[in-house]
Number of protein chains: 2
Amino acid sequence: MPPENDPETGPETGTDSTANPAQGADVYTRLRAAILTLDLLPGERLSERALEGMLGASRTPIREAVLRLETEGLIQRKGRVMRVTSLELAEILEAFEYREHIEAAVAQLACQHATKADITRLQKILDAGRQGADAAAWFEIGSDFHILLAELSRNRFLVRAVTDILTRIERARWIMCSLPSARDEAHDEHSQILRLIELNRPEQAAEALKEHGRGLRDILAESLSQRSRAGLRARGVDIIDRA
Amino acid sequence: MPPENDPETGPETGTDSTANPAQGADVYTRLRAAILTLDLLPGERLSERALEGMLGASRTPIREAVLRLETEGLIQRKGRVMRVTSLELAEILEAFEYREHIEAAVAQLACQHATKADITRLQKILDAGRQGADAAAWFEIGSDFHILLAELSRNRFLVRAVTDILTRIERARWIMCSLPSARDEAHDEHSQILRLIELNRPEQAAEALKEHGRGLRDILAESLSQRSRAGLRARGVDIIDRA
DNA sequence: TACGCCATTATGGTATACCAATCAAGAGAG
DNA sequence: CTCTCTTGATTGGTATACCATAATGGCGTA
């Protein structure tokens, strides 16, 4: 590996002289984080060689990470060029549509399978995240809740589906993370959903989840609307209307 | 690359002396096919070096293919060892449960978006596959129908979900491909589903799809039941009850 | 000035050497 | 005969060299 002189990404690459095992997963994690936090901008071009320097690893683990992120939809290849997937309004709306259906299924199955212990455990997590949490930790908890909820369905495919779709939406959520007012509201809605599942009301739980998702979608659509584009573009973020 | 002498997989590897570009995708396709057709048995251990010889490519494209198949759930890694994912009855049943919900969503959205032209096009494909098709081509058409149907939802995530879940189930379907009687029945059910979408009856279309899936699931569960295990084990196929 | 052609370069695809860790088999002791 | 420790082989992880080609920028021409 060539000597790493530029401070580039941060405190990385301070490894030893030989191969650095298990660094492959780390490369994946860091690259993924860089994309999700918009450290790498949507639409930005990537090259394996550049990432090699940026992440302090050779092309092999880079390639693995890129391949994974490609299947997650965070990176796209068009011929030989490789870019961070652009934010496309239409796709995000499709994602929310999909999510509605998925979480309706989750609600129904969770009602069938969730135990009292499951509910209280989830409620505890919810309450724990209520006080003193920064924006980043806040929607970390939001994601966790939806994934944990999916696990109550006892269906691994639904868990995967929820996990995947949250990944897809995460960058958009990050953009509008400057709205702390929504936090308490989210907590209440999450609790209400949990209660409906506890009461074995699948229809109502599904409806509450759908409504919850729609609320987020609307906030998000507003944040990405024409009127708000200017501020985003100043931060380097560009949203595509039709691809 | 070492000279390839054994007829091993088939007519492959007859390339030139230098690197063989775009062979990476081919390696993926062939390895995937080998797994789905049970040429590589569920639970069978794999090694990158062995695959290197079997597929006539170096470890780099092998690694890429393996990584892809891992995300598709066809290969699993437990620590350092890598195996073809075992057939697990519980997982297959979960897959069908998931599929029911996914296709209900497909039905609903397809009713909203499908045009007359879409319906007739799909019906044509269905009819074309009716006569003279061997078992392999038959459930190729079955898969295609469900994917094309998903595309009528105009939601790329649903398309992906259907594609994924069909992949998961495909090996199980392959096992019970010896039941040609189901072919006409499937054609009729598919046509009926299409008709209900054309008539804009989302509830009934969803129910028909669910019923269609349940029928297949039951046949499949029967094929994988204790009573039928002996014949399968003779072919080298082993099914796990609880993992 | 604008458009298209060509040379250079950058990039991804491939093959391969090296390493550490794991697994397995075999030898030796009890 | 069994259990354990050692040792060697196998394997995945990593780094890197080579190659064909697509991308890019410059140049020449209309």
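Fair warning: this is a prediction, and the values are worked out from it, not measured in the lab. Letters A, B, ... mirror the listed sequences (proteins, then strands); counts begin at 1.
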Contact class for [X] (heavy atom, under 4.0 Å): base, sugar-phosphate, or nothing?
X: B:Thr60; value: base
X: A:Ile62; value: nothing
X: B:Arg59; value: base
X: B:Arg77; value: sugar-phosphate
X: A:Leu51; value: nothing

Round to a whole Å and report the spacing from [atom1] of [X] to [atom2] of [N].
X: B:Leu55; N: C:dT14; atom1: CG; atom2: P; result: 13 Å
X: A:Glu48; N: D:dA22; atom1: CD; atom2: P; result: 16 Å
X: B:Gln23; N: D:dA20; atom1: CD; atom2: C1'; result: 14 Å
X: B:Glu52; N: C:dT16; atom1: CD; atom2: P; result: 8 Å
X: B:Arg80; N: C:dA24; atom1: CZ; atom2: C1'; result: 15 Å
X: A:Arg83; N: D:dA23; atom1: CZ; atom2: C1'; result: 12 Å
X: A:Met54; N: C:dT11; atom1: CE; atom2: P; result: 12 Å
X: A:Ile75; N: C:dG12; atom1: CD1; atom2: C1'; result: 14 Å

_B:Glu72 and B:Tyr28 side chains, donor-acceptor separation under 3.5 Å_ =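 The criterion, which ignores hydrogens and geometry beyond distance, is satisfied for B:Glu72 and B:Tyr28.
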*Between the side chains of A:Asp26 and A:Thr29, is a donor N or O closer than 3.5 angstrom to an acceptor N or O?*
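Short answer, no.
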_Phosphate OP1/OP2 of D:dG12: any B:Arg63 side-chain N/O under 4.0 Å_ =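 The answer is no; no side-chain N or O of B:Arg63 sits under 4.0 Å from OP1 or OP2.
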*asked:* Given D:dT11, D:dA23, D:dA15, identify the nucleotide with an atom nearest to the side chain of A:Arg45.
replied: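 Given the options D:dT11, D:dA23, D:dA15, the side chain of A:Arg45 is closest to D:dA23.
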*Which residue, A:Leu216, A:Leu220, A:Asp164, forms the side-chain contact (heavy atoms from CB on, under 4.5 Å) with A:Ile169?*
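Between A:Ile169 and the candidates, side-chain contact (heavy atoms from CB on, under 4.5 Å) is satisfied uniquely by A:Leu220.
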_Please determine whether salt bridge (charged side-chain N to carboxylate O under 4.0 Å, His left out) holds for the pair A:Glu151 and A:Arg156, giving the CA-CA distance in whole Å, both sets of side-chain angles, and the decisive distance to 0.1 Å._
CA-CA 7 Å; A:Glu151 283 173 357; A:Arg156 67 196 84 178; over 6 Å; no
*Kindly indicate, with the supporting measurements, whether the criterion side-chain hydrogen bond (donor to acceptor under 3.5 Å, both in side chains) is fulfilled by A:Arg171 and A:Thr85.*
CA-CA 10 Å; A:Arg171 287 184 298 171; A:Thr85 300; 5.0 Å; no
*Record whether the side chain of A:Arg49 comes under 3.5 Å of the base of C:dG12 through a donor-acceptor pair of N or O atoms.*
yes
